[in-house]
Amino acid sequence: MIYRARPLILFLIFLPLLATAAELKPPAAGIASAHPLATRAGHEILARGGNAFDAAVAIAATLAVVEPYGSGLGGGGFWLLHRARDGFETMVDARERAPMAATRDMYLDESGRPVAGLSLNGPLAAAIPGLPAALAHVAEKYGRLPLTQSLAPAIRLARKGFAVTARYRKLAERRMDVLNAHPAAARVFLDNGFVPDPGFIVRQPDLARTLVRLAKKGRAGFYAGVTARRLVEGVRAAGGIWSLKDLADYRIVERTPVHGRHKNIRVTSAALPSSGGTVLTQMLNILEGFDLNKLDRVQRAQVIIEAMRLAYRDRARYLGDPDFVSVDTQRLLSHDYAVRLRRALRTRVKLDAPRRQTETRGTGTNTTHFSVIDREGNRVAVTLSINYAFGSGFMPPGTGVLLNNEMDDFVIKPGVPNVYGLVGAEANAIAPGKRPLSSMTPTFLETDDAVVVLGTPGGSRIITMVLLAALEFANNRGDAASWVALPRFHHQYLPDRVEYEPDAFSKPEVRALEGLGYKLVLRKNGYGNMQAVVWYKTGNRVAAASDPRGEGLALVR
Ligand code: DON
């Protein structure tokens with residue numbers, strides 16, 4: 001009798017514990033973004049009854065207004081979503097697509113040489129934007145609030161204006177000539193043709209009206225009607241090749257994220273056409289075979305650098321838009337393949353000789369990322385871009401929409417590096433309707449005890465920044481503040497050199513790495529702008545951090 005009662009008693013004793021485990025919810029919501037106004041917009045929408053997805057719509061739209069150099073309605077990006085209710089996860093691919101009139105050699109002159117600046121400046125550099133479609137899609141399918149509500153903070157800021165910051169000035173300075181070549185953009189972003197003073201108020205009434213049309217009509221408010229007409233007329237009048245059909249045909253695609261495992265952590269990250277999740281997982285798979293904490297600092301750096309080189313070589317060779325080329329991601333992500341690569345890695349591997357090398361010009365502070373966890377446990381990691389600072393610098397008159405120069409992420413010509421020094425192959429050649437290969441890496445890292453949401457801008461260096469944060473989490477745990485502040489180093493196969501931030505290596509370590517045959521290049525001003533939110537289940541606590549290199553804000557409330 002007693003014996004038979006025991007399971008019941010045990011069950012009754014443990015019932016409350018089981019119940020709390022199943023129902024455990026974050027005690028607060030965390031948001032980290034690259035701009036304080038965007039972080040506040042996200043919390044405002046949560047306070048109005050929105051979930052993390054509504055907040056993400058509000059944050060993305062606000063960043064489109066207050067960080068015109070980083071992302072915007074004229075750009076695109078990748079949204080990684082996790083719905084707490086049923087654990088459903090998806091990646092919303094809002095990457096720009098090449099217009100249908102695009103051709104493989106469109107940036108080459110008659111003798112087959114790349115025309116300087118053609119894939120970077122002006123309307124020919126712009127692919128068909130994806131962000132407006134993503135805002136409408138995420139709000140409708142995953143959010144709770146109407147777009148009119150979630151876009152309200154962005155509309156308000158476009159009308160009232162925002163104050164110019166140091167970062168704005170630095171990037172406007174860099175792109176001043178291109179902005180001045182396009183009057184509609186110069187009028188909005190410069191002060192009489194010059195970089196505005198700190199505190200200068202940038203007002204964007206045209207953008208506010210475009211946002212209102214999007215809020216009221218959903219995707220048709222951007223991809224059809226007056227906005228679409230003005231976009232296409234402006235682009236064509238300035239020598240571009242967009243058509244109304246390009247806009248009408250634009251679709252976001254929901255794709256299965258890349259899933260990986262590294263030691264004790266589960267990794268969920270961006271799928272193609274971003275190379276982010278694939279390259280990240282490949283590097284983590286290779287490094288799985290090492291106990292990094294048992295290596296000295298130079299050995300540790302060496303194996304990480306070699307993992308970077310090998311994975312970026314595969315990026316250059318094989319990766320492209322999966323709707324256009326077949327990529328054997330299953331093989332690339334397999335542990336067997338990682339074991340093979342790892343064997344090659346114990347010494348500095350000889351890879352094919354570079355055909356040509358350039359400087360990477362990206363600073364890693366344009367483009368943008370934000371991370372959100374709400375009180376229900378929904379989570380969102382979004383990396384958005386118009387590519388280079390202030391995109392193509394071109395704004396079709398009457399739209400307020402600054403267009404991207406994401407076409408430069410394609411391979412303009414085999415072997416010719418893009419603005420981030422990346423080379424590629426046939427898989428990433430230009431084709432009508434194709435999406436250029438990206439490096440954006442919005443990521444979730446999970447253990448049984450913690451859920452981390454993070455990502456960063458930084459062009460080709462995005463993936464290695466996320467790698468270093470993931471390794472820190474896996475090996476030393478750390479916290480949100482330490483992941484975003486971590487000193488960084490980077491190798492991308494070509495150019496064949498290691499870039500590093502001042503605190504990444506000591507002088508003797510630099511000498512030791514040089515002795516091993518590496519060329520090291522110091523990035524004095526640092527790079528990246530990582531935004532991280534973490535929910536610790538033990539102790540039930542939410543923390544968030546914004547990269548000290550940027551001007552962002554992380555807020556838990
Ligand atoms: O999609 C990509 O990989 C690039 N367009 C991202 C650009 C970027 O992060 C610029 N930041 N420095």
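Order of appearance sets the numbers: ligands from 1, and atoms from 1 within every ligand. Computed from a prediction, not measured in an experiment: that's the story for all the values here.
One option in S460, S439, G458 has a heavy atom closer to atom 3 (O) of ligand 1 than any other, and that option is S439.
By the criterion of a heavy-atom distance under 4.0 Å, neither the backbone nor the side chain of R435 is placed next to ligand 1.
Residue D409 has at least one heavy-atom neighbour below 4.0 Å for each of these atoms of ligand 1: 1 (O), 2 (C), 3 (O), 4 (C), 5 (N). Close contacts of ligand 1 with S385, meaning ligand atoms under 4.0 Å from a residue heavy atom, involve 5 (N), 6 (C), 7 (C). Residue I462 has at least one heavy-atom neighbour below 4.0 Å for each of these atoms of ligand 1: 9 (O). Residue-ligand proximity, T367 to ligand 1, at heavy-atom distances under 4.0 Å covers atoms 6 (C), 7 (C), 8 (C), 9 (O), 10 (C), 11 (N). Short contacts between ligand 1 and R95, defined as distances under 4.0 Å to a heavy atom of the residue, involve ligand atoms 1 (O). Atom numbering of ligand 1 starts at 1 in the shown order; those under 4.0 Å from a heavy atom of E406 are 1 (O), 4 (C), 5 (N). Interface of M440 with ligand 1, defined as ligand atoms under 4.0 Å from a residue heavy atom, comprises 1 (O), 3 (O).
A donor atom on one side chain and an acceptor atom on the other are found under 3.5 Å apart for H82 and E89. There is no side-chain donor-acceptor pair under 3.5 Å between S371 and Q531. Looking at D408 and S119, their side chains do bring a donor and an acceptor atom within 3.5 Å of each other.
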*Are R315 and S439 close enough, and set up right, to give a side-chain hydrogen bond (donor to acceptor under 3.5 Å, both in side chains), and what steps lead you there?*
CA-CA 10 Å; R315 180 195 195 278; S439 301; 2.9 Å; yes
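Judged as a side chain to side chain donor-acceptor pair (under 3.5 Å), and not counting sequence neighbours, the contacts of R113 are S111. For S334, there are no side chain to side chain donor-acceptor pair (under 3.5 Å) partners two or more places apart in sequence or in a different chain.
Remark: side-chain polar atoms of T268 are not paired, donor with acceptor, to backbone N or O of H259 under 3.5 angstrom. The backbone N or O of L422 sits nowhere less than 3.5 Å from a side-chain atom of Y493 that would complete a donor-acceptor pair.
Inter-residue side-chain proximity for V327 and L332 is flagged as met; some heavy-atom pair is nearer than 4.5 Å.
Here's the thing with G459: one of its N/O atoms is less than 3.5 angstrom from an N/O atom of ligand 1. In terms of polar-atom proximity, defined here as any N/O pair under 3.5 Å, Y420 makes no such contact with ligand 1.
Residue Y388 places every heavy atom at 4.0 Å or more from ligand 1. Under a 4.0 Å heavy-atom criterion, R461 is not in contact with ligand 1.
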